[in-house]
Structure formats: structure tokens, C-alpha cells
Number of protein chains: 2
Amino acid sequence: MHTKEKILEESLELFAINGYEGTSMTKIADKVGIKKSSLYAHYKSKEVLFVEVAKEMVDQNVEFVRRSLDEQAPDVKTVLYKSFKTHIHDMATDDASIQFYNRFMQNPPNGLGGELTASVEKSEKQARGLLENVIAKGQASKEVTADLDATSIAHMYFCLIEGLANETTVYTLEEVERHAESVWVIFWRGVKI
Amino acid sequence: MHTKEKILEESLELFAINGYEGTSMTKIADKVGIKKSSLYAHYKSKEVLFVEVAKEMVDQNVEFVRRSLDEQAPDVKTVLYKSFKTHIHDMATDDASIQFYNRFMQNPPNGLGGELTASVEKSEKQARGLLENVIAKGQASKEVTADLDATSIAHMYFCLIEGLANETTVYTLEEVERHAESVWVIFWRGVKI
DNA sequence: GTCTATACGGCGATAGAC
DNA sequence: GTCTATCGCCGTATAGAC
């Protein structure tokens with residue numbers, strides 16, 4: 001019922017913060033407000049629960065990128081800039097979904113990496129596809145250089161976001177946002193006509 | 001003696017691959033070729049052992065950046081490009097030190113993050129300083145634009161490297177190196193005069 | 001579906017013989 | 001310094017009453 005979803009929600013947060021081995025079924029049960037053994041009525045093992053959460057996050061990643069792209073923005077530069085800022089902001093403000101995604105796409109739990117890699121690769125391709133469209137539009141409207149192909153530029157874009165995501169552990173929100181600002185300037189300098 | 005160093009070496013690899021909670025003292029002992037209890041003659045706890053490894057990695061990070069900068073290269077563009085390629089290559093070829101660094105700087109074990117953040121921040125600052133010098137030289141020789149400050153450019157550089165590091169789990173060596181190549185082109189386009 | 005009780009193994013860590 | 005033996009605890013997971 002409603003409990004099953006709550007388990008997903010709460011374990012998402014715990015996995016994101018404490019990792020897979022660092023999150024016990026007892027801690028999840030405590031956070032949900034039930035006993036450990038009751039979890040097994042909804043998910044037959046910890047691995048199954050984790051994979052369920054992970055699959056949701058992979059799907060959500062594409063949706064997140066889609067929503068970050070503002071269709072109403074006046075030009076491609078603004079679309080990209082707004083999307084960039086949205087990503088950075090949500091990362092830096094401890095959004096559990098994004099932390100989960102960043103954490104486990106880079107270092108999946110021991111046996112479960114293989115089970116996820118395929119779907120991650122697919123979702124990253126989709127997300128990159130959305131950006132490629134925007135960039136291609138910018139090339140058509142002479143905002144973005146045609147010397148580079150849209151795929152490479154989209155790749156660079158995600159590379160920057162992931163690089164900045166890594167900083168969130170060490171640096172403060174303000175520092176990351178300031179870094180993001182200068183990173184953006186160089187990026188745009190690199191891709192504009 | 002020689003055992004104490006071997007413990008550091010072997011646990012470095014295990015921590016890098018399986019994480020902190022995913023690495024047991026038994027597994028470390030097995031890899032070293034001794035019994036678990038013998039480890040405690042060298043390091044009084046798992047936490048102490050981990051912190052010891054982590055501190056070495058933090059120091060090594062600065063040295064790694066220093067060595068990647070070729071003093072003999074003809075111009076600043078070449079210095080940066082060679083350094084960039086060295087980083088990518090070592091990451092992609094499963095260098096345990098770099099994997100350890102990337103993994104735990106982003107997601108330190110639960111109680112030990114605070115103990116490391118300060119020294120990480122310091123070492124990253126030193127490493128960035130080395131790059132800033134190179135970039136400032138490039139600005140003086142009119143290779144690199146003076147519209148951007150050297151700190152921002154150095155920051156961008158590390159951001160790209162970390163972003164590419166994240167890919168190594170999902171993509172193959174060839175793919176990452178190909179991505180790195182186009183990332184470099186955009187980067188240089190963004191910072192050259 | 002949730003509970004209590006329990007099984008069983010692996011964990012980090014210590015004691016003490018050699 | 002390394003071993004065997006052992007401690008106490010907590011991990012995942014199951015059985016069975018309600």
C-alpha cells in the first residue's frame with residue numbers, strides 16, 4: 001500500500017547519505033516507523049529494494065533533465081544556462097535523488113553494478129539526446145559554433161555538471177555556485193560562434 | 001616492517017574497489033597473507049588504517065599533479081594538454097590511488113569525513129595552485145585569454161577531469177578517451193586568446 | 001501486514017600462547 | 001609479530017502468532 005512507497009522514499013535518502021553497506025534494514029525500518037522484519041513483506045531482500053530504488057532514480061534522471069529545459073526561453077544560450085543553474089542548485093541543496101544518482105552511478109554496490117549499467121547507459125543517452133536537440137537548434141540559429149558536433153558539446157555539458165557535483169562534499173553551497181558561474185562562462189566561450 | 005607498508009598497499013586497493021564498509025579486516029588480511037588479528041599489531045583499528053591510507057592519497061594527489069606537468073613542453077597549450085591526457089589515462093586504466101581519491105573525496109565514510117575535509121581542501125588548493133602558475137604563464141605569453149582569471153580556469157580544468165572520472169564506471173577506456181579529446185577541444189576553445 | 005523471537009554468519013576487536 | 005580462540009554485537013533473513 002502506502003507503506004511500500006514510503007519504504008522507497010526513506011531508503012532512497014539513507015542509501016544516498018550512508019551508501020549501500022552503510023544502510024541497514026533496521027535503520028530503514030526505523031525511519032519508516034515499522035519493524036525490520038515487516039520490510040520483507042514488501043521487498044524480499046535488501047538487494048531487491050536497492051535495485052527498485054535505483055531503477056526509479058535512473059528513470060527520474062531523464063525526467064529531471066527534460067524539466068530543466070525551459071521551452072519558453074528566448075534563445076539557446078538562456079535555455080542552457082537556466083538548465084545548468086537548475087542542476088547545480090538542486091545538487092548543492094542536498095537533493096536526495098541527485099545524490100543517490102551521482103553516488104551509485106559512479107560506485108555501484110558490489111554485485112549490483114552489472115544489473116544497472118545497461119539502464120544507466122540508456123538513460124544517459126536519452127538525457128544527452130534532449131540536450132543535443134537544444135544545441136543543434138543553437139547551431140541552426142547561429143548561436144553555437146558548427147565546428148563542434150552537438151554530441152560532443154552535450155557530453156561536455158554533463159561532464160561539467162558531474163565535475164561540479166563532486167565538489168558539493170568539500171565546498172559550501174556559495175562556493176560551488178560561484179565556481180559554477182565561472183565554469184559556465186568558459187563553457188559558453190568554448191561553444192559560441 | 002615491510003608488512004606495515006604492504007597492509008597500506010593492499011587495503012588501498014580494496015577500499016578503492018569495495019568501499020569502506022564493503023572492505024572487511026578479514027579480506028585485507030587475506031590479501032596481505034596474514035590473519036586478521038595480526039593487522040591490529042600494526043594499526044589499532046580499521047578507522048585508523050583507513051585514515052592512514054587516505055592521508056597518503058591526499059599527499060600523493062599533489063605530487064601526481066606536479067609530475068603531470070611537463071616542464072620541457074614548448075608552450076602552455078602543450079603542457080596543459082599533456083597533463084590532461086595523463087590524468088585521463090591513469091584514471092581509465094584503473095589506477096587504485098586515483099579511484100580511491102575520487103571515491104572518498106566525494107563520499108567519505110560516515111564518521112571520518114570531517115577528519116579529511118580540511119586536508120583535502122588544502123591539497124586541492126595546492127594542486128590548483130600548480131595549474132594556476134601554468135595558466136598565468138600562458139596569459140603572460142598571450143596564449144591564454146586575460147579576460148578570465150587563472151583560478152577560474154584551473155578550477156574548470158579539475159572540474160572536467162572529475163567529470164570524466166565519473167564516466168569510467170559506465171564507459172570503456174576508448175570511449176572515455178574519445179570523450180576526453182572533444183572535451184579538451186571545447187576547453188581550449190574557451191580559454192585561448 | 002505487522003509483530004516477537006530467533007537462526008546464523010560475519011563484523012571489529014581483544015587475550016594470551018609461541 | 002603472528003597465530004588460535006573467543007568475545008559481543010549487529011547484519012540479513014525467516015518462522016509463526018495475531
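As a basis for the values below, the full set of heavy atoms in this structure was taken, side chains included, without hydrogen atoms, waters or symmetry mates. Letters A, B, ... mirror the listed sequences (proteins, then strands); counts begin at 1.
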NZ or CZ of Lys46(A) within 45° of Tyr20(A) ring axis and under 6.0 Å: yes
Whole angstrom value for the distance that separates [atom2] of [N] from [atom1] of [X]:
X        : N       : atom1 : atom2 : value
Lys36(A) : dT2(C)  : NZ    : P     : 16 Å
Glu5(A)  : dG1(C)  : CD    : P     : 12 Å
His42(B) : dG1(D)  : NE2   : P     : 6 Å
Asp30(B) : dG10(C) : CG    : C1'   : 13 Å
Tyr40(A) : dA5(C)  : OH    : P     : 19 Å
Leu49(A) : dT12(D) : CG    : P     : 11 Å
Ile7(A)  : dT12(D) : CD1   : P     : 14 Å
Met25(A) : dA7(C)  : CE    : P     : 21 Å

Distance check: side-chain N/O of [X] vs OP1/OP2 of [N], anything under 4.0 Å?
X        : N       : answer
Ser24(B) : dC11(C) : yes
Ser37(A) : dC3(C)  : no
Thr3(B)  : dT2(D)  : yes

Given the options Glu56(A), Gln60(A), Met57(A), Glu13(A), Phe100(A) meets side-chain contact (heavy atoms from CB on, under 4.5 Å) only with Met57(A)
Out of dA13(D), dT2(C), dA13(C), which has the shortest distance to the side chain of Ile34(A)? dT2(C)
Of all the choices, dC3(D), dA13(D), dC3(C), which nucleotide is nearest to the side chain of Ser45(A) once you look at every atom? dA13(D)
Looking at Lys31(B), I'd like to know if its NZ atom is crowded, meaning that more than 12 non-hydrogen atoms belonging to other residues, nucleotides or ligands lie closer than 6.0 Å. yes
Taking everything shown except Lys85(A) itself, do over 12 heavy atoms lie less than 6.0 Å from its NZ? yes
Among side-chain atoms of Glu175(B) and Thr172(B), is any donor-acceptor pair under 3.5 angstrom? yes
Ignoring hydrogens and geometry beyond distance, is the side chain of Lys35(B) in donor-acceptor contact with the base of dT4(D) at under 3.5 Å? no
Please state whether the base of dG11(D) and the side chain of Lys46(A) form at least one donor-acceptor pair under 3.5 Å? no
